[in-house]
Amino acid sequence: VQLQASGGGLVQPGGSLRLSCATSTSGVTLDRYSIGWFRQAPGKEGEGVSGITATHGRTYYADSVKGRFTISRDNDNNMVYLQMNSLKPEDTAVYYCATSVLKGLLRLWADDEYDYWGQGTQVTVSS
């Protein structure tokens, strides 16, 4: 499964961005996979930011983004989004989306549960 994350950019503190995760692999529908969003900032450990299961659409948010980020599916367009509001400088990182074949994945925050990863998209929050 080939994934592409997009939508990153430079934004001022307090601003918003919407990241998109898509697949270019024919025949793959993202609604059959649990999807996770992760980020990696220079000099910091990677962090599982958010995730959504294929079954029941259960979601996960890291404490650092809870209340500011929202993950959602657009099954008509075979996309998964991460809406990021009230962005802070500490949100600056490369963001990645990943898929897991486990439809009811419990550990949505755990990178070792995911099978396929897309290339990252840079998010920079700075004035």
Side-chain angles (χ1 to χ4, degrees):
V1 177
Q2 291 189 319
L3 301 172
Q4 294 81 39
S6 61
L10 173 63
V11 65
Q12 292 187 340
S16 297
L17 284 173
R18 188 179 75 166
L19 304 185
S20 300
C21 181
T23 179
S24 58
T25 303
S26 177
V28 170
T29 53
L30 294 181
D31 62 357
R32 296 185 178 186
Y33 296 82
S34 293
I35 306 292
W37 282 99
F38 294 80
R39 66 186 180 187
Q40 179 72 57
K44 295 184 180 180
E45 286 192 11
E47 179 182 22
V49 173
S50 182
I52 186 167
T53 59
T55 53
H56 308 301
R58 178 173 52 84
T59 57
Y60 162 80
Y61 296 99
D63 287 343
S64 57
V65 306
K66 206 170 289 183
R68 301 188 297 121
F69 289 12
T70 304
I71 190 170
S72 62
R73 292 185 183 272
D74 178 355
N75 293 334
D76 289 342
N77 291 299
N78 203 20
M79 304 277 280
V80 175
Y81 300 114
L82 185 67
Q83 178 67 43
M84 306 188 298
N85 298 329
S86 302
L87 283 162
K88 304 175 181 180
E90 50 264 44
D91 295 317
T92 296
V94 178
Y95 284 72
Y96 302 86
C97 63
T99 62
S100 170
V101 296
L102 299 176
K103 297 182 185 299
L105 178 60
L106 292 176
R107 299 169 63 236
L108 285 164
W109 58 87
D111 57 1
D112 59 356
E113 296 279 18
Y114 290 83
D115 311 295
Y116 300 100
W117 293 75
Q119 91 294 348
T121 185
Q122 176 70 48
V123 171
T124 303
V125 185
S126 175
S127 55

Would you sort out whether Phe38 and Tyr114 count as a ring-ring contact (aromatic ring centres under 6.0 Å, His included), showing the intermediate values? CA-CA 11 Å; Phe38 294 80; Tyr114 290 83; 5.1 Å; yes
Walk me through it: do Asp63 and Lys66 pass the test salt bridge (Lys or Arg N to Asp or Glu O under 4.0 Å)? CA-CA 5 Å; Asp63 287 343; Lys66 206 170 289 183; 3.0 Å; yes
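Remark: the Gln83 side chain and the Ser72 side chain contain no N/O donor-acceptor pair separated by less than 3.5 Å. Side-chain contact, Ser16 with Asn85: a donor N or O sits under 3.5 Å from an acceptor N or O.
A side-chain donor-acceptor contact under 3.5 Å links Asn78 to the backbone of Leu30. In this structure, Ser50 contributes its side chain and Trp37 its backbone to no donor-acceptor pair below 3.5 Å. Formation of a donor-acceptor pair under 3.5 Å by the Lys103 side chain with backbone atoms of Thr53 is not found in this model. A donor-acceptor pair under 3.5 Å is formed between the side chain of Thr23 and the backbone N or O of Gln2. Panel note: side chain Arg107, backbone Asp112; no donor-acceptor pair is recorded below 3.5 Å. Using a distance-only test at 3.5 Å, with no hydrogens or angles considered, a donor-acceptor pair links the side chain of Thr92 to the main chain of Val125.
Using cut-offs of 30° and 60° on the angle between ring planes, the pair Tyr96 and Trp117 is perpendicular.
Within a 6.0 Å sphere centred on CZ of Arg58, heavy atoms belonging to other residues, nucleotides or ligands number more than 12. Dense packing is recorded around CD of Gln122, with more than 12 heavy atoms of other residues, nucleotides or ligands lying under 6.0 Å away.
Once rounded to the nearest 0.5 Å, the distance linking CG of Asp91 with OG1 of Thr124 reads 11.0 Å.
For the pair Val1 and Asp115, the minimum side-chain heavy-atom distance is 4.5 Å or more.
Closest non-hydrogen pair, Pro13 versus Ser126, comes out as CD-C, 3.6 Å. Nearest heavy-atom pair across Ser34 and Leu108 is CB-CD2, 4.2 Å. Heavy-atom minimum distance, Ile71 versus Tyr61: N-OH, 2.9 Å.
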